[in-house]
Participant: 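This structure is in structure tokens; I'll ask about it shortly.
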Amino acid sequence: MQDNIGRSIDYIRVSVTDRCNLRCRYCMPEEGVPLLRHEDILRFEEVAAFLRVAAAQGIVHVRLTGGEPLHRPGIVDLVGMLTEIPGLKDLSMTTNGTLLPPLAADLRRAGLQRINIGLPSLDPATYAALTRFGSLDQALAGVQSALEAGFDPVKLNVVVLRGINDSLAPYVELTKRWPVAVRFIEYMSIGPLGEDHFLVPAAEMRAMLEELGPLEPAEKPAGNGPARSYWRVPGAPGSLAVIAPTTEHFCPECNRLRLVADGHLRLCLFGAEEIDIRPALRPAVDEEALRGLLARAMQEKPVCMPDGARDYGRAMGSIGG
Ligand code: SAM
């Protein structure tokens, strides 16, 4: 599919639930988000029906996200259903990893190919404070279970907040031991913290990494993420990258749509524009109507994120990151 300015759109992030077992301070308010009614959340059959049409129109990459996707009962079954869709070549997931150990092998067997794990600190106290309910040990057990299950690559998402978790050295050390791709992500003020003073610009993160010792260019791991270059400590199994959605935004290369758990197709992370696809799914799936809505999404996808806008319509934790 091509949008109104010729960008090729081949990637959809699907938020399968608005619920999460953590309350990361940069992502969700402490009280959580106003919960969707059960009947408003798309059923797995509806997600699969939509993705069948989207794949026939050219979507090849799908990433399951949340809320916390592992919090949704039956998530392994959804993975199995999606791997049967002709045309979908790449199925991945973004998770906080804490619920992963008992599920990692089943997810891999069901056909999930790649996994990204949010890991905002390697210090137990900072991890607990940042995630409000989280245990670093459980998150690290999740990373280990992903590696043991054979996911390749395993990427770690680190949203860097000034003065809170902006020491990058422990992650550099981790890449010397584990074959993980660590991605330091600029804080986006779409999160509940609001303030921009938490932002550590990508250029500053790159300078911090250079100060920590020599790095060499590393191969970009499989996937379609927005990190432009990867580096590694010479000889290390893991790699490092910086993602700059705030100071070096990548709108001209944007290749994605987002499906929110309640069946709204979100055209831009930063814009409140959404298209409700439920009328084309309920009471019965109408493939022609779904194709029409995708065509409309291509026409209406914003050229770039709105300048200085503050009306995002939803919290980051509901959109899917
Ligand atoms: N629960 C899962 C998790 O923790 O990864 C999936 C949902 S979460 C919304 C997806 C990703 O969004 C997180 O891993 C994090 O990297 C990113 N994210 C959340 N809030 C952010 C913010 N304010 N700025 C930048 N990235 C953010």
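This chain uses plain numbering: 1 for the first residue, then up along the sequence. One-based numbering, in listed order, for ligands and for the atoms of each.
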Participant: What are the atoms of ligand 1, with element, lying closer than 4.0 Å to any heavy atom of Cys27?
Facilitator: 9 (C), 19 (C), 20 (N)
Participant: Does the side chain of Ser92 come under 3.5 Å of the side chain of Gln113 through a donor N or O and an acceptor N or O?
Facilitator: no
Participant: CD of Glu30: more than 12 outside heavy atoms within 6.0 angstrom?
Facilitator: no
Participant: With no hydrogens and no angle check, just 3.5 Å: does a side-chain donor-acceptor pair link Ser8 and Asp10?
Facilitator: no
Participant: Out of Arg13, Arg25, Glu68, who gets a non-hydrogen atom closest to atom 2 (C) of ligand 1?
Facilitator: Glu68
Participant: Does at least one non-hydrogen atom of Gly97 fall below 4.0 angstrom from an atom of ligand 1?
Facilitator: no
Participant: Any idea which atoms of ligand 1 are less than 4.0 Å away from a heavy-atom of Thr95?
Facilitator: 2 (C), 3 (C), 5 (O)
Participant: Asp286: what forms a side chain to side chain donor-acceptor pair (under 3.5 Å) with it, not counting sequence neighbours?
Facilitator: none
Participant: Under a 4.0 angstrom heavy-atom cut-off, which atoms of ligand 1 come close to Ile185?
Facilitator: 16 (O)
Participant: Does ligand 1 have a heavy atom under 4.0 Å from the side chain of Asn96, from its backbone, from both, or from neither?
Facilitator: both
Participant: Any heavy atom of Met28 closer to ligand 1 than 4.0 angstrom?
Facilitator: no
Participant: With side chain to side chain contact (heavy atoms under 4.5 Å, CB included) as the test, pick out the partner of Pro170 among Asp123, Val182, Leu122.
Facilitator: Leu122
Participant: Could you name each residue pair satisfying side chain to side chain donor-acceptor pair (under 3.5 Å) that touches residues 238-263, not counting sequence neighbours?
Facilitator: Glu186-Thr247, Arg206-Glu248, Arg228-Glu253, Asp262-His264, Asp262-Arg314
Participant: Can you tell me how far the CG atom of Asn21 sits from the CZ atom of Arg132, to the nearest 0.5 Å?
Facilitator: 13.5 Å
Participant: Looking only at N/O atoms, are Met188 and ligand 1 under 3.5 Å apart anywhere?
Facilitator: yes
Participant: Looking only at N/O atoms, are Tyr187 and ligand 1 under 3.5 Å apart anywhere?
Facilitator: no
Participant: May I ask you to list the atoms of ligand 1 that are less than 4.0 angstrom from any heavy atom of Gly67?
Facilitator: 1 (N), 2 (C), 6 (C), 7 (C)
Participant: If you round to the nearest 0.5 Å, how far is SG of Cys254 from NZ of Lys301?
Facilitator: 3.0 Å
Participant: Please identify which atoms of ligand 1 are closer than 4.0 Å to at least one heavy atom of Thr65.
Facilitator: 6 (C), 7 (C)
